[in-house]
Amino acid sequence: QVQLVESGGGLVQAGGSLRLSCAASGRTFSSYVMGWFRQAPGKERDIVAAISRSGGTTYYAESVKGRFTISRDNPKNTVYLQMSSLKPEDTAVYYCAAGLRVTVPTTVSRYDYWGQGTQVTVSS
């Protein structure tokens, strides 16, 4: 069982930056692939970025490539999402997810545990 708690969301102007953090419970954090998803009102939950267990492999949605960076600190049981050059269309609830997988999945169904989400609002 893994419990995930996101933090770092908030209101920011377009062009600004935010860093999201996701703290995981348990002693097996390094066994999990980690992902960040987002869900805007009336839309599906979509992948934003994902990172392998060691941090050596990352995946980014096309819409955030070059602007967002995912990273993890296994000794601290934490995964981060650094978001820069934010746009109004980045506004959503951002969710952290953990999957007991070998490869880096990009779909909701491949993740086993979810955080409660943190709101990110980008004003124009």
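We number each residue from 1, following the sequence as shown.
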Review point. For Y111, what residues pass the ring-ring contact (aromatic ring centres under 6.0 Å, His included) criterion, not counting sequence neighbours?
Key: F37
Report yes if some heavy atom in the side chain of [X] is under 4.5 Å from a heavy atom in the side chain of [Y]; otherwise report no.
{"X": "W36", "Y": "C22", "result": "yes"}
{"X": "I47", "Y": "T107", "result": "no"}
{"X": "L100", "Y": "S31", "result": "yes"}
{"X": "V64", "Y": "R38", "result": "yes"}
{"X": "M34", "Y": "L4", "result": "yes"}
{"X": "Q39", "Y": "Y94", "result": "no"}
{"X": "R53", "Y": "V102", "result": "yes"}

Counting only N and O atoms by type, is there a donor-acceptor contact under 3.5 Å from the side chain of [X] to the main-chain atoms of [Y]?
{"X": "E6", "Y": "Q116", "answer": "yes"}
{"X": "S17", "Y": "S84", "answer": "no"}
{"X": "S25", "Y": "V2", "answer": "no"}

Check your understanding: Cluster partners of L11, using ILVMFWY side-chain heavy atoms under 4.5 angstrom, listed by chain and number?
Key -> none
Check your understanding: Are V93 and L81 connected in the hydrophobic side-chain network, where two residues link if heavy atoms are under 4.5 Å apart?
Key -> no
**Study point:** Co-membership, hydrophobic cluster, residues W114 and V5, 4.5 Å side-chain
**Key:** no
Point to revise | Residue from T78, L20, V79 passing side chain to side chain contact (heavy atoms under 4.5 Å, CB included) with C96 | key: V79
Point to revise | Contact list for residues 39-52, test salt bridge (charged side-chain N to carboxylate O under 4.0 Å, His left out), sequence neighbours left out | key: none
Exercise for review: Name all pairs fulfilling the salt bridge (charged side-chain N to carboxylate O under 4.0 Å, His left out) condition that reach into residues 63-80, sequence neighbours left out, sorted by first residue then second.
Suggested key: E62-K65, R67-D90
Check your understanding: For residues T121 and Q119, is any side-chain donor paired with an opposing acceptor at under 3.5 Å?
Key -> yes
Study note, to complete from the structure: Sorted by chain and number, sequence neighbours left out, salt bridge (Lys or Arg N to Asp or Glu O under 4.0 Å) with R101 holds for D112
Review point. Considering residues at least two apart in sequence or located in another chain, which fulfil the side chain to side chain contact (heavy atoms under 4.5 Å, CB included) criterion with T69?
Key: Y60, Q82
Check your understanding: So Y113 and Y32, would you call those rings parallel, tilted or perpendicular, with 30° and 60° as cut-offs?
Key -> perpendicular
